[in-house]
*Asks:* 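Please find one structure pasted underneath; my questions will follow.
For clarity, every value in this text was computed on a predicted model and none was experimentally measured. One-based numbering along the sequence shown.
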Amino acid sequence: MARHLITSALPYINGIKHLGNMVGSMLPADVYSRYLRQRGHDVLYICATDEHGTPAELAANEAGLSVAEFCAQAHDAQKAVYDGFALAFDYFGRSSSAENRDITQHFARKLNENGFIEERAIRQVYSPADGRFLPDRYVEGTCPHCGYDKARGDQCENCTRVLDPTDLINPRSAISGSTDLEVRETKHLFLLQSKLQHEVMEWVARHDNDWPQLASSIAHKWLTEGLHDRAITRDLDWGVPVPADTWPELAAEGKVFYVWFDAPIEYLGATKEWSDQDPENRDWKSWWYDVDTDVRYTQFMAKDNVPFHTVMFPATELGVREPWKKVDFVKAFNWLTYYGGKFSTSQKRGVFTDQALEILPADYWRYFLIANAPESDDSSFTWEHFTATVNKDLADTLGNFVNRVLSFSRKRFGDDVPAGGEPGEAEAKLGEEIARLLAEYEEHMEALQFRKAAAALRALWSAGNSYLEEKAPWLEIKTDKDGAALTLRTAMNLIHLYAVVSEPLIPSSAATMRAAFDLKDDSAVWVSADEAKSLSSVPAGTPFTVPPVLFAKLTDEDLETYKERFGGE
């Protein structure tokens, strides 16, 4: 049985992420990791904050902190939110770690030895007032296309035009505000991706039948347009330093590797961080080095990250000429929009993950996002859709089933699971249906089809309600007490089954359902087809309690409150 290595695209350090970021990488990776663990697989789920690059320095400067202090605080703030969402990372690291520094420098040295790095002179904006060269984002000015006066040297956020710093009208330093800028010559390292084009094309082609269409089409589009040599260093104070033993002149000038080069290497770096915490029992290379057939590697990301993970980082891995593990399956997502428009971290448009947890528990969000994951196309978040989904699927279909079964049984039969008669035709029919739906749920989870998996899980919940309506124990008890007891015992076994198989999507609620039954040895990690058919894991006589309401229904007043706070049509 292959081991499963899972990574999700690294969230950038400058601010709390929105719901689109959550559903585009980290949440589905968590759901899949949880599912695989329950099915008995050896899983390692790795993620980290992406802490280098110009935006981190600018955000730190705005906050009045050193970059190191800012990144440390921001990492902890993000980790707290992900803990709130119950993301079960095996390790959540930092790209500023010593481990990532060492591995990034190792990769650079190997690429250089193999002829894939070249030192080139380029012309770049220099600020005498700041005493430094300015990366593109450190230059601000007026956009020549739309007149926006806070356009950056790489792109105008207002009209989205791609820019060069020299395109800006009245350019100024984003650090000091100085307009005394010059264009000077400086040297940088370039990764010669053009020399690796054919190797990357052959590698991508081997995955044409494996990867989803979204990931494969984006990779081929980039390769068709041709891989260009790209600068992998910048003039920044914060980043992985260029090693002095290989490039002494550039190291003396304070050059650091650019974020797009070192960030993917942090997958390895974070694994080494995890390993270094317990080196006697953990070996990071056993997951990454010379393990092509022993480890299945799955990456999760939104579509804007696909080129980096399917073309650029594989080029780096191929170029080092060492047997580092390359991705087997790329699960790419389209955009989750907010009423048809983009979520925006910089413009504070949409619901951010910390705000979401202030409003409702994580399971509400986890279920909605997975049930509406933007897989085949973009999907839109609206408060109307969110409210309807919570009320119909969570409150009515699952929550109400759990509450009325346990409350009615306690009222009529006491605090133990009632015995009743032997299962009959209705129970046999139900068992077959549950086994069929469970197999469907498993099939979709194995295929990483999350919307379909959520629909199959919802169908499992609905089957219990159909059975309850058919048997109607509130009427049955008037003429057949043993029959009503059997119905309730069967329904309680369904609740336990729901607790086990719903855990990947709604872990907190699943734990609450499971804890309702005082089973002395509840070691179930999954439910087999035979167990689904028999529905006998919770025997008669088992003590139980009625848990608090699992999911509160959202009201029209709630809906209006959310729309007023966050906007909505």
*Asks:* Are H309 and Y267 close enough that their ring centers fall under 6.0 Å?
*Replies:* yes
*Asks:* Throw together a table of side-chain donor-acceptor distances under 3.5 angstrom for residues 71-80, partners on residues two or more places apart or in other chains.
*Replies:*
{"from": "H75", "atom 1": "ND1", "to": "T49", "atom 2": "OG1", "distance (Å)": "2.9"}
{"from": "Q78", "atom 1": "OE1", "to": "Y82", "atom 2": "OH", "distance (Å)": "2.8"}
{"from": "Q78", "atom 1": "NE2", "to": "Y12", "atom 2": "O", "distance (Å)": "2.8"}
{"from": "Q78", "atom 1": "NE2", "to": "G15", "atom 2": "O", "distance (Å)": "3.2"}
{"from": "K79", "atom 1": "NZ", "to": "D83", "atom 2": "OD1", "distance (Å)": "2.7"}
{"from": "K79", "atom 1": "NZ", "to": "D83", "atom 2": "OD2", "distance (Å)": "3.3"}

*Asks:* Quick one: does any side-chain atom of Q197 pair with a main-chain N or O of L227 as donor and acceptor, under 3.5 Å?
*Replies:* yes
*Asks:* Compute both the distance and the angle, then confirm whether K272 meets the cation-pi test with Y91: under 6.0 Å from the six-membered ring centre, within 45 degrees of the axis.
*Replies:*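 That pair does not qualify as a cation-pi contact.
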*Asks:* Is it the case that atom CD in Q277 sees more than 12 heavy atoms from other parts of the structure closer than 6.0 Å?
*Replies:*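 Counting other residues, nucleotides and ligands, CD of Q277 exceeds 12 neighbours.
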*Asks:* Checking D164 side chain against T166 main chain: does a donor-acceptor pair fall under 3.5 Å?
*Replies:*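 Present.
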*Asks:* Would W365 and F368 count as a ring-ring contact (aromatic ring centres under 6.0 Å, His included) here? Give the steps.
*Replies:* CA-CA 5 Å; W365 302 103; F368 174 83; 7.6 Å; no
*Asks:* Which value, rounded to the nearest 0.5 Å, describes the distance between S379 atom OG and N372 atom CG?
*Replies:* 6.0 Å
*Asks:* So how far is it from E317 CD to I265 CD1, rounded to the nearest 0.5 Å?
*Replies:* 8.5 Å
*Asks:* Look up atom CG in N100 and atom CD in Q105, then write down how far apart they are to the nearest 0.5 Å.
*Replies:*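 Taking CG in N100 and CD in Q105, the distance rounds to 10.0 Å.
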*Asks:* Does D378 have any salt bridge (Lys or Arg N to Asp or Glu O under 4.0 Å) partners at least two apart in sequence or in another chain, and if so, which?
*Replies:* K303
*Asks:* Can you confirm if the aromatic rings of W284 and Y289 lie within a centre distance of less than 6.0 Å?
*Replies:*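 No: the rings miss the under 6.0 Å criterion.
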*Asks:* Give me the atom names and distance for the closest heavy-atom approach of V259 to P264.
*Replies:* O-CD, 4.4 Å
*Asks:* Check whether any side-chain N or O of R3 sits under 3.5 Å from a backbone N or O of V43 as a donor-acceptor pair, and report yes or no.
*Replies:* no
*Asks:* Should D229 and K195 count as an ion pair when the cut-off is N to O under 4.0 Å?
*Replies:* no
*Asks:* Has R234 got a side-chain atom pairing as donor or acceptor with Y258's backbone, closer than 3.5 angstrom?
*Replies:* no
*Asks:* Compare every heavy atom of P504 with every heavy atom of R366, then report the nearest pair and how far apart it is.
*Replies:* NH2-O, 2.7 Å
*Asks:* Parallel, tilted or perpendicular: which describes the rings of F308 and W260, with under 30° parallel and over 60° perpendicular?
*Replies:* tilted
*Asks:* Taking all non-hydrogen atoms of both residues, which atom of Q124 and which atom of P135 are closest, and how far apart?
*Replies:* NE2-N, 3.9 Å
*Asks:* Quick check, are the ring centers of W288 and Y297 under 6.0 angstrom apart?
*Replies:* yes
*Asks:* Rounded to the nearest 0.5 Å, how far apart are CG of D328 and OG1 of T298?
*Replies:*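 OG1 of T298 is found 7.0 Å from CG of D328.
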*Asks:* Between K342 and Y338, is NZ or CZ placed under 6.0 angstrom from the six-membered ring centre and within 45° of the ring axis?
*Replies:* no
*Asks:* For R132, look at atom CZ and say whether over 12 heavy atoms of other residues, nucleotides or ligands are found less than 6.0 Å away.
*Replies:*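 Yes - once you tally the heavy atoms of other residues, nucleotides and ligands closer than 6.0 Å, there are more than 12.
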*Asks:* Angle class for the F386/W383 ring planes (parallel below 30°, perpendicular above 60°, tilted otherwise)?
*Replies:* perpendicular
*Asks:* Applying ring-ring contact (aromatic ring centres under 6.0 Å, His included), run through W211 and W203 and close with a yes or a no.
*Replies:* CA-CA 12 Å; W211 291 354; W203 178 77; 5.5 Å; yes
*Asks:* Within a reach of under 6.0 Å around CD of E199, are more than 12 heavy atoms found that belong to other residues, nucleotides or ligands?
*Replies:* yes
*Asks:* List in chain and number order the residues that pass side-chain contact (heavy atoms from CB on, under 4.5 Å) with A251, two or more places apart in sequence or in another chain; answer none if no residue qualifies.
*Replies:* A244
*Asks:* Do F257 and F261 have their ring centres less than 6.0 Å from each other?
*Replies:* yes
*Asks:* When rounded to the nearest 0.5 angstrom, what distance separates CZ in R172 from CG in L134?
*Replies:*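 Here the rounded value is 12.5 Å.
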*Asks:* Please check: side-chain N/O of N114 versus main-chain N/O of F116, any donor-acceptor pairing under 3.5 Å?
*Replies:*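 Checked: no pair found.
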*Asks:* If I take atom CG from residue D90 and atom CZ from residue R37, how far apart are they, to the nearest 0.5 angstrom?
*Replies:* 4.5 Å
*Asks:* Spell out, as yes or no, whether a donor-acceptor pair under 3.5 Å connects the side chain of S275 to the backbone of T271.
*Replies:*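 No: the side chain of S275 does not pair with the backbone of T271.
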